[in-house]
Amino acid sequence: MFTGIIQAIGSIQEVHSSDNGVVLKINSNNLDISDSKIGESIAVNGVCLTATQVSDNSFTADVSNETINCTTFSDLLIGDSVNLEKSLRINQGIDGHLVSGHVDGIGKVQSINKDGDSSRIKILVEDDIIKYIAKKGSICINGVSLTVNSVEDNIFDVNIVPHTFSVTTLRDLSVGSNVNLEIDLIARYVERLKNYR
């Protein structure tokens, strides 16, 4: 479980093909992973990965073909920046919202415009995702916990304050960029209860 509050920006150091997908080596840069152990979870661009090796400033994780097909990981290249967050500890506060690290789909950036000191980003999503997104509800974009400003047809928009823009990879987005999306857990369970027989 995560909060969607990014702790550091890392970078893709190595990408190796495997029988089941790929193996990523990720430079953790400013993220202190000295207390992380093999088998623990670290969110990379909002995707929960299990660390298979951990060193002072990097970790390795296996990525399955299923994860590659459901996320933007198929676009990752060596040197690309990624948002990082270690898993939530029991004694830790929750500043964002509860995030599982299970990506529900991919969105495409339609526009990025200045809104005062902030930036407003509009994102296009498929029908099976947009039904879960509500005005003033929570959404996780590339691992970042955000509040939805508005929803119209298959497009929703979010406002990125300067601090968030400066400490996440959202600053690197451009029109046409694909992003990982995780809907709010509550919306997922509400639908399950509604359709339960």
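Here the structure is a predicted model, which is why all the values come from computation and not from measurement.
Between Asp157 and Arg120, the closest heavy-atom pair is OD2-NH1, 2.9 Å. Residues Phe2 and Ser41 share a closest heavy-atom pair of CZ-CB, 4.0 Å. Considering all non-hydrogen atoms of both residues, Ser36 and Lys86 come closest at OG-CD, 3.5 Å. Considering all non-hydrogen atoms of both residues, Ile78 and Gln13 come closest at CG2-O, 3.6 Å.
A donor atom on one side chain and an acceptor atom on the other are found under 3.5 Å apart for Asn154 and Asp127. For the 3.5 Å distance criterion, the side chains of Glu40 and Ser87 fail to qualify, holding no donor opposite an acceptor. Under the 3.5 Å distance criterion, with hydrogens and angles disregarded, no donor-acceptor pair is assigned to the side chains of Asn20 and Ser64.
Using a 4.5 Å cut-off between side-chain heavy atoms of Ile, Leu, Val, Met, Phe, Trp and Tyr, with links allowed through other members, Leu181 and Val47 fall into different hydrophobic clusters. Residues Ile6 and Val103 do not share a hydrophobic cluster, clusters being chains of Ile/Leu/Val/Met/Phe/Trp/Tyr side chains in contact below 4.5 Å. By the criterion of side-chain heavy atoms lying less than 4.5 angstrom apart, applied directly or through intervening Ile, Leu, Val, Met, Phe, Trp or Tyr residues, Ile9 is not grouped with Ile121; the two fall into different hydrophobic clusters. Put simply, Leu185 and Ile129 are part of two different groups of oily side chains (I, L, V, M, F, W, Y) that touch within less than 4.5 Å, one to the next. Under the 4.5 Å side-chain contact rule for hydrophobic residues, Ile155 and Ile183 do not share a cluster.
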May I have the step-by-step check of side-chain hydrogen bond (donor to acceptor under 3.5 Å, both in side chains) for Ser11 and Asn27, ending in yes or no? CA-CA 5 Å; Ser11 60; Asn27 188 323; 4.5 Å; no

Does the side-chain contact (heavy atoms from CB on, under 4.5 Å) test come out yes or no for Phe156 and Leu146, once each step is laid out? CA-CA 12 Å; Phe156 73 93; Leu146 296 166; over 6 Å; no

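Here the side chains of Phe73 and Leu49 are in contact, with some heavy-atom distance below 4.5 Å. Here the side chains of Val63 and Val22 are in contact, with some heavy-atom distance below 4.5 Å.
If you run side-chain contact (heavy atoms from CB on, under 4.5 Å) between Val179 and each of Ile106, Thr169, Leu173, only Leu173 comes through.
Rounded to the nearest 0.5 Å, atoms OG1 (Thr147) and CG (Asn149) are 8.0 Å apart.
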